[in-house]
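Take a look at the structure set out below.
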Amino acid sequence: MDSDRKSTVSSFYGGRKTSVDVLNQDYPPQPRVGAKGRDDSSSFFNPDRSSMDHLNTRSSAGYNRSSFIPGGREEPIKGGRDEEHDSQRDDAWDVYADFNNAGPRYSSAFGVGQNETAYAQIPPMPSPMLKDEPLDGSKVEMVTVPALGAEWGKDELYQASKAGKRQRKKESRAQFWKAWNRGERGLCGRYFTRKVLVWFLFGLCVAVAIVIALTLPRVPSFAFDTSDPLQKATGSWATAVPTIFAPTVANFSFPAFASLQVDTNSNFLPVRFSHMHAKVFDLDTNRQVGTGDYSHLTLPAKSFPQILLPLNFTYLAANSSDQTFTNWYGACKNRGLYSDGKRPSLKFRLVLEMNIKGLPSSHGASTQVSDADCPIELALNAG
């Protein structure tokens, strides 16, 4: 500790020492008049103590300002003896001059001398922020991805290639199907899982089965009209096929209609025939004696409609004794040639081959009759 910072109390140092304070030398302590040479720096001396009234006078501990030195510097800062004799420096001195750039600087820490009259301003720096400028098409710079350099690894180069992308997509699909198979995710979001798909397909199959059951056409059944199975041809069909019976050469030819009744009760929708082909066979000899065709036929559902199927009866035998020719020629003779007026009945089987819209293949049906009357009646002098 410096000598001027030590206490001058006489009880500790055995004698009075004058307090030396460089900051407080402007106002040195003055000797008290009437103190009679006593030690006023003593800690136990109080010149203001009164011995007359000890009850009303507040006593002190005997310390005064000269007993100790303050721990910090007291204001005002200015007013020292050095500044009293230097008026020019007193006007120029400013402790904040080095910081507010308002006066001469007294610090040379940054290479600036005391004789500098003003602080050198630092040139302004451009703002790092981009300014909004009008877009100029000629100054547009295309930002591109830098080319792959040597710092890229082999795996990274492979992943950036088309083969790597295809492999990643393949692995992603495989992972997706594994997760879907485990029921962890769905096809179209998180709802369409495998369980939902199974129930959806089951419901779809049931709905398709119901629709097919209601809309799929069924093959109808056919039967001859019991009262008149064969009817005489009329209209354009009567002139389309000539009527010929020639016993000498054993052949015949004539047109007719087969009166058929169709059962469509098993269908919920109307039945549409794209084509219908018929063949007529003799029941006794099983020889084909006629053919017929019908196209674009529509029959109502849940009913028993009747149709007239055009038939062309044509047969050519080797001689007049042919059994098939004899049966058909005898059934078509004039009734006057028989004593009872009754001609023999025709016996034949009708085989149908049908193409129905809505069914993938052709279907067949057959019916027969054993007491049909011949729709042709020959003259008495015929043959």
Is there side-chain contact between [X] and [Y], with heavy atoms separated by less than 4.5 Å?
X	Y	result
Phe222	Met354	yes
His277	Tyr294	no
Arg335	Lys342	no
Asp373	Arg343	yes
Val211	Leu216	no
Pro242	Phe254	no
Phe268	Pro217	no
Ser345	Val369	no

As an exercise, state the distance from [atom1] of [X] to [atom2] of [Y], rounded to the nearest 0.5 Å.
X	Y	atom1	atom2	answer
Tyr315	Gln288	OH	CD	11.0 Å
Ser320	Asn251	OG	CG	11.5 Å
Thr324	Leu316	OG1	CG	11.5 Å
Arg166	Ser161	CZ	OG	8.0 Å
Leu197	Leu201	CG	CG	4.5 Å
Glu353	His363	CD	NE2	10.5 Å

Hey, quick one: are [X] and [Y] part of the same hydrophobic cluster, counting side-chain heavy atoms closer than 4.5 Å, chains of contacts allowed?
X	Y	answer
Ile376	Leu380	no
Phe281	Leu311	no
Phe245	Leu346	yes
Leu352	Phe304	no
Phe313	Trp237	no

Practice problem: Decide side chain to side chain contact (heavy atoms under 4.5 Å, CB included) for Leu350 and Ser366; before the verdict, give the C-alpha distance in whole Å, the side-chain angles of both, and the deciding distance to 0.1 Å. | Solution: CA-CA 6 Å; Leu350 180 66; Ser366 64; over 6 Å; no
Under the 3.5 angstrom rule, does the side chain of [X] hit a backbone N or O of [Y] as a donor-acceptor pair?
X	Y	answer
Asn334	Leu378	yes
Thr264	Ser303	yes
Ser172	Arg168	no
Ser274	Lys357	no
Lys302	Asn265	yes

Give a yes-or-no answer on whether the side chains of [X] and [Y] include a donor-acceptor pair shorter than 3.5 Å.
X	Y	result
Asp282	Thr285	yes
Asn286	Arg349	yes
Asn355	His275	no

Please tabulate, for the side chains in residues 226-235, all donor-acceptor contacts under 3.5 angstrom to protein atoms that are two or more places apart in sequence or on a different chain.
unit_1 : atom_1 : unit_2 : atom_2 : d
Ser227 : OG     : Asp225 : OD1    : 3.3
Ser227 : OG     : Asp225 : OD2    : 3.4

Please state whether the rings of [X] and [Y] are parallel, tilted or perpendicular, taking 30° and 60° as the class boundaries.
X	Y	answer
Trp328	Phe252	parallel
Phe325	Tyr329	parallel
Phe202	Trp199	perpendicular

Quiz item: Around Tyr338, counting heavy atoms of other residues, nucleotides and ligands shown, do more than 12 lie under 6.0 Å from its OH?
Solution: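 Buried by this count: over 12 neighbours within 6.0 Å.
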Exercise. Inspect the surroundings of CD in Glu377 and state if more than 12 heavy atoms from other residues, nucleotides or ligands are less than 6.0 Å away.
Key: yes
Closest contact, heavy atoms only, [X] versus [Y]:
X	Y	result
Thr193	Trp180	C-NE1, 3.6 Å
Leu308	Pro310	O-CD, 3.4 Å
Ala331	Cys374	O-CB, 3.3 Å

Practice problem: May I ask you to say whether Asp263 pairs ionically with Arg218, meaning some side-chain N is under 4.0 Å from a carboxylate O? | Solution: no
Practice problem: Verify side chain to side chain contact (heavy atoms under 4.5 Å, CB included) between Thr326 and Asp322, making sure each step is shown before the conclusion. | Solution: CA-CA 6 Å; Thr326 304; Asp322 185 82; 5.6 Å; no
Self-check item: Check against side chain to side chain contact (heavy atoms under 4.5 Å, CB included), Leu309 and Met276
Solution: CA-CA 9 Å; Leu309 180 63; Met276 183 184 297; 4.2 Å; yes
Practice problem: Show your reasoning for whether side chain to side chain contact (heavy atoms under 4.5 Å, CB included) applies to Ile356 and Leu359. | Solution: CA-CA 6 Å; Ile356 302 175; Leu359 296 178; 4.0 Å; yes
